[in-house]
Amino acid sequence: MAGKPMLHYFNGRGRMESIRWLLAAAGVEFEEKFIESPEDLKKLVNEGSLMFQQVPMVEIDGMKLVQTRAILNYIATKYNLYGKDIKERALIDMYVEGVADLGEMILLLPVAPPGEKDAKLALIKEKTTNRYFPAFEKVLKSHGQDYLVGNKLSRADIHLVELIYYVEELDPSLIASFPLLKALKARVSSLPTVKKFLQPGSQRKPPLDQKTLEQGRKIFKLQ
């Protein structure tokens with residue numbers, strides 16, 4: 001029997017968090033080996049574990065996978081969270097890319113120059129309420145089903161609910177006008193695997209604080 005997936009990243013959300021969410025939702029136990037210094041990262045590079053000399057990297061099924069989308073695609077396919085046919089997969093991909101567009105804006109907010117943060121936050125709020133949340137609300141309304149695609153849980157639902165949590169951390173009122181999204185969040189959050197991941201003490205990572213931000217800057221030599 002294959003061992004648990006091993007996740008290589010620093011002890012923060014970053015680009016690994018969506019991978020943690022997807023594995024947890026699939027009910028897959030995983031282990032983490034945290035990168036705590038530039039030397040740790042250099043060691044992975046020198047031993048040839050990072051194809052493009054960057055993380056996230058996940059050891060799974062005898063592979064050392066890098067590139068976030070590739071990792072997520074593999075996990076979703078392996079654990080039947082990627083639709084039943086090519087059309088459903090296309091829809092899932094489309095929704096996931098929309099989630100990623102807004103998610104990237106939120107991900108980069110903490111590292112924005114102080115003088116730009118207010119403007120970037122305002123833009124995130126505007127895009128959330130006028131572009132992304134209305135689009136997903138419309139999808140759910142159009143078919144009246146419990147999940148975004150095929151009336152079955154997919155990676156699109158998991159990624160969207162993760163995004164909703166991040167948006168609510170910025171401003172809980174932004175979801176107020178989207179009852180179907182609130183219902184989806186409640187539905188996915190009550191699934192046993194996700195509920196467990198949302199409990200204190202799980203491998204879910206908290207919002208980025210200044211200490212974790214500085215650690216990440218040091219490891220990845222960011223200015």
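Atom NZ of Lys87 has 12 or fewer heavy atoms from other residues, nucleotides or ligands within 6.0 Å. Environment of NZ in Lys64: crowded, with over 12 heavy atoms of neighbouring residues, nucleotides or ligands closer than 6.0 Å. Under a cut-off of 6.0 angstrom, the local environment of CD in Glu168 is crowded, with over 12 non-hydrogen atoms contributed by other residues, nucleotides or ligands. Summarising the local packing, CE of Met51 is surrounded by 12 or fewer heavy atoms from other residues, nucleotides or ligands at distances under 6.0 Å. Environment of CD in Gln199: crowded, with over 12 heavy atoms of neighbouring residues, nucleotides or ligands closer than 6.0 Å.
A salt bridge links Glu104 with Arg15; the closest basic N to acidic carboxylate O contact falls under 4.0 Å. Salt-bridge formation is not detected for the pair Glu214/Lys211: no Lys NZ or Arg NE/NH1/NH2 atom is positioned less than 4.0 Å from an Asp or Glu carboxylate oxygen. Under a 4.0 Å N-O distance rule, the pair Asp61/Lys78 qualifies as a salt bridge.
If you take CD1 on Ile124 and OH on Tyr132, they are separated by 11.0 Å, rounding to the nearest 0.5 Å. In this structure, the separation between CZ on Arg131 and CD on Glu126 is 7.5 Å, given to the nearest 0.5 Å. Rounded to the nearest 0.5 Å, atoms OH (Tyr9) and CZ (Phe34) are 12.0 Å apart. Annotation: the span from Lys185 atom NZ to Leu180 atom CG amounts to 15.0 Å, rounded to 0.5 Å. Between the OH atom in Tyr79 and the CG atom in Leu22 there is a gap of 10.0 Å [rounded to 0.5 Å]. Between the CG atom in Leu50 and the CD atom in Gln67 there is a gap of 10.5 Å [rounded to 0.5 Å].
Considering Leu181, Ile175, Thr128 in turn, Thr128 is the only one that fulfils the side-chain contact (heavy atoms from CB on, under 4.5 Å) rule with Val167. Checking Lys33, Glu31, Arg20 one by one against Leu7, the side-chain contact (heavy atoms from CB on, under 4.5 Å) holds for a single residue, Arg20. Under the ring pair (Phe, Tyr, Trp, His ring centres under 6.0 Å) test applied with Trp21, the options Phe197, Phe30, Tyr166 reduce to a single match, Phe197.
Closest heavy-atom contact between Leu148 and Asp157: N-OD1, 2.9 Å. For the pair Pro5 and Glu29, the tightest heavy-atom approach, listed with the atom from each and the gap, is CD-O, 3.3 Å. When all heavy atoms are compared, the tightest approach of Met57 to Met16 is O-CE, 3.7 Å. When every heavy atom of Leu81 is checked against every heavy atom of Ala26, the shortest pair comes out as CD1-CB, 4.0 Å. Residues His159 and Val99 approach most closely at O-CG1, 3.6 Å, considering heavy atoms. Across all non-hydrogen atoms, the minimal contact from Val66 to Ser49 is CG1-O, 4.4 Å.
Figure legend: cation-pi geometry between Arg155 and Tyr82, with NZ or CZ positioned under 6.0 Å from the six-membered ring centre and within 45° of its axis.
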- Message: The test is side chain to side chain donor-acceptor pair (under 3.5 Å); show your working for Tyr165 and Glu169 and say whether it passes.
- Response: CA-CA 6 Å; Tyr165 274 96; Glu169 287 173 358; over 6 Å; no
